[in-house]
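First up is the structure itself, then whatever we jot down about it.
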Amino acid sequence: MKPNYLTKIDDVKKLNDEERSGLKKVTEKYAFRANEYYLSLINWNDPEDPIRRLIIPDFQELEEWGQLDASDEKSYTLIPGLQHKYDSTAVFLISNVCGGICRYCFRKRIFIEKNTEILKDPENALEYIKEHKEISNVLLTGGDPLILSTPRIENIIKKLMEIEHIKIVRIGTKLLSFNPHRILDDPSILKMIEKYSNKEKKIYVITHFNHSNELTDIAVKAVALLQKSGAVMANQTPIIRGVNDKPEYLAALFNKLSYIGSPPYYVFQCRPAVGNRAYAVPIEEGYDIFEKAKTLGSGLAKRAKFVMSHSTGKIEVVGKTRGSICLKYHRAADNKKSGHFMVFKNNPQAYWFDDYNEVIQNYSLY
């Protein structure tokens with residue numbers, strides 16, 4: 001089923017005239033995109049509906065806060081669309097279109113007209129991968145890779161899998177939330193995965209379900225079809241104010257993901273991107289939510305790590321006391337810092353690593 005995409009707030013007829021008129025100020029600054037399937041998941045009688053919160057603009061996005069490139073991706077971009085931050089992992093931004101635009105998106109900049117960050121020269125990027133044998137896995141992201149036609153995706157995956165030292169290709173996608181019909185109605189995507197995901201090399205599909213309401217029957221069916229084709233599944237989500245910022249909500253997501261075989265992978269601290277203030281939860285509050293949620297499920301629902309994608313690396317929130325917060329470089333851009341353990345004085349108002357200033361203790365593996 002081809003989705004009917006909406007890119008103007010006037011097209012959302014469930015909003016009243018006053019809401020549509022006022023929200024144009026937001027959509028003039030930050031792009032809006034949705035589709036009829038995803039909008040059908042909203043309970044329009046509930047002003048706090050989580051799906052509405054995820055996709056419908058909010059006046060609070062106009063608050064001045066954050067940066068266009070909150071994780072400093074430009075510093076790790078070698079050619080447009082190719083990033084190499086961690087030794088073993090390269091990132092291809094292969095699309096600047098999504099099935100919908102999450103209001104908390106940390107790459108809002110790629111939806112701005114004349115943005116040049118998408119991969120336009122795959123052959124040049126592939127040559128770089130061939131020359132760097134330390135790279136074992138490549139993440140395809142964007143935008144959303146699954147927005148592209150299967151032949152365009154396969155053209156990249158085929159060439160990656162022909163490189164001996166590439167063992168994993170990850171497809172990061174929210175299309176199973178926004179439009180699971182992409183999987184149900186296109187057998188070619190399943191055949192492609194079956195072809196290239198084998199006993200020695202794997203295609204991982206990293207889903208992006210933020211709330212259990214997105215796990216509809218057809219979304220669950222799409223996950224099952226991908227699993228049957230040979231894809232390895234896992235899920236990542238940020239903690240978002242008004243969506244999954246209560247332990248029982250996050251636990252419901254964790255548990256259902258574990259039941260369907262796309263277990264929690266990362267839970268991200270919402271990045272301080274422009275317009276994101278209303279969606280962000282302070283780190284220490286987020287840690288409490290995360291830990292309480294984990295107590296409400298089985299071991300398979302507890303596998304996630306709570307991290308923030310800082311410019312210097314992926315920093316895990318490891319623990320908290322009444323006076324301190326414990327952080328660790330789960331993965332550092334400078335690999336010698338990986339595993340580095342840091343204890344800071346509590347700051348309940350901290351939204352990002354940079355908000356911690358008072359160091360209590362450091363420990364390095366090297």
Side-chain angles (χ1 to χ4, degrees), residues 5-8 26-35 57 61-62 64-87 89-132 135 137-160 163 166 169-175 178 206 208 236 238 268 270-276 309-314 333 352:
Y5 285 109
L6 293 75
T7 57
K8 296 180 180 179
V26 182
T27 57
E28 285 170 2
K29 188 170 185 178
Y30 304 122
F32 166 73
R33 182 176 171 88
N35 65 67
E61 293 176 45
L62 298 176
E64 293 296 327
W65 192 77
Q67 309 164 54
L68 268 178
D69 185 7
S71 292
D72 191 28
E73 292 186 311
K74 66 180 181 299
S75 292
Y76 303 99
T77 298
L78 307 177
I79 62 173
L82 166 62
Q83 298 175 17
H84 190 191
K85 182 174 183 177
Y86 305 120
D87 289 352
T89 303
V91 177
F92 285 6
L93 274 64
I94 65 173
S95 168
N96 63 350
V97 180
C98 284
I101 296 179
C102 304
R103 301 319 305 171
Y104 59 84
C105 179
F106 71 90
R107 285 197 186 120
K108 292 181 174 77
R109 64 188 191 277
I110 73 169
F111 304 114
I112 296 173
E113 191 176 357
K114 298 182 180 178
N115 180 275
T116 59
E117 294 185 53
I118 301 306
L119 188 65
K120 299 293 185 183
D121 187 0
E123 295 305 321
N124 195 5
L126 288 161
E127 281 303 314
Y128 178 87
I129 301 298
K130 290 176 185 177
E131 293 168 3
H132 287 77
I135 299 173
N137 70 99
V138 176
L139 168 63
L140 305 183
T141 183
D144 198 310
L146 291 184
I147 280 285
L148 302 178
S149 67
T150 299
R152 286 186 64 187
I153 303 170
E154 183 170 5
N155 182 55
I156 294 173
I157 289 180
K158 177 179 183 292
K159 291 175 180 177
L160 284 171
I163 300 172
I166 297 302
V169 173
R170 283 181 281 161
I171 300 173
T173 181
K174 191 172 169 64
L175 213 56
F178 283 136
I206 309 300
H208 195 86
Q236 60 187 35
F268 286 102
C270 183
R271 302 189 209 199
V274 289
N276 274 7
S309 287
H310 188 258
S311 60
T312 58
K314 198 168 264 95
W352 206 235

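Index from 1, following the sequence.
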Straight-line distance of W352 CH2 to C270 SG, nearest 0.5 Å:
8.5 Å

Using every non-hydrogen atom in the two residues, find where I79 and L119 come nearest and quote the distance to one decimal.
CD1-CD1, 4.4 Å

Answer yes when R109 and E73 have at least one side-chain N-carboxylate O distance shorter than 4.0 Å, and no when they do not.
yes

Minimal non-hydrogen separation, P272 against W65, with atom names:
CA-CZ3, 3.6 Å

Report yes or no: does K174 contribute a side-chain atom to a donor-acceptor pair with the main-chain N or O of H208 at less than 3.5 Å?
yes

For G99 versus L175, what's the shortest heavy-atom pair and its separation?
CA-CD1, 3.6 Å

Between N276 and R271, is there a donor-acceptor pair closer than 3.5 Å when you use the side chain of the first and the backbone of the second?
yes

What's the separation between atom CG in N155 and atom CG in L160, rounded to the nearest 0.5 Å?
10.0 Å

Answer yes or no: is there a donor N or O on one side and an acceptor on the other, between the side chain of N96 and the main chain of I118, under 3.5 Å?
no

Is there a donor-acceptor pair under 3.5 Å between the side chain of Y86 and the backbone N or O of K314?
yes

Over-ring placement of R33 relative to Y5, 6.0 Å and 45° cut-offs
yes

Are L93 and R107 close enough that some pair of their side-chain heavy atoms sits under 4.5 Å apart?
yes

More than 12 foreign heavy atoms under 6.0 Å from NZ of K8: is that the case here?
no

What distance separates L140 CG from I157 CD1, expressed to the nearest 0.5 Å?
5.5 Å

Do Y30 and P57 come close enough that some side-chain heavy atom pair is under 4.5 Å?
no

Between the CD atom in E61 and the OG1 atom in T27, the distance rounded to the nearest 0.5 Å is 9.5 Å

Could you give the distance from CG (L78) to CG (N124), rounded to the nearest 0.5 Å?
10.0 Å

Closest approach of A70 to A273 (non-hydrogen atoms, all atoms of both residues):
CB-N, 3.9 Å

Between I163 and V138, is there a side-chain heavy-atom distance shorter than 4.5 Å?
no

Is it the case that more than 12 heavy atoms not belonging to K74 sit under 6.0 Å from its NZ atom?
yes

Can you tell if the side chain of T7 reaches within under 4.5 Å of the side chain of F32, non-hydrogen atoms only?
no

Should F111 and C98 count as side-chain neighbours, where that means a heavy-atom distance under 4.5 Å?
yes

Does the T173 side chain pair with the main chain of L146, one donor and one acceptor, at a distance under 3.5 Å?
no

When rounded to the nearest 0.5 Å, the distance separating CG of L126 from CD1 of I156 is 7.5 Å

Is the closest side-chain heavy-atom distance between D144 and F178 below 4.5 Å?
no

Closest heavy-atom contact between I129 and A90?
CD1-CB, 3.6 Å

R170 and N137: side chain donor to acceptor below 3.5 Å:
yes

Is there a side-chain contact between K29 and L62 (heavy atoms, below 4.5 Å)?
yes

D72 to S311 - nearest heavy-atom pair and separation
CB-CB, 3.4 Å

Derivation of the side-chain contact (heavy atoms from CB on, under 4.5 Å) call for F92 and T141:
CA-CA 6 Å; F92 285 6; T141 183; over 6 Å; no

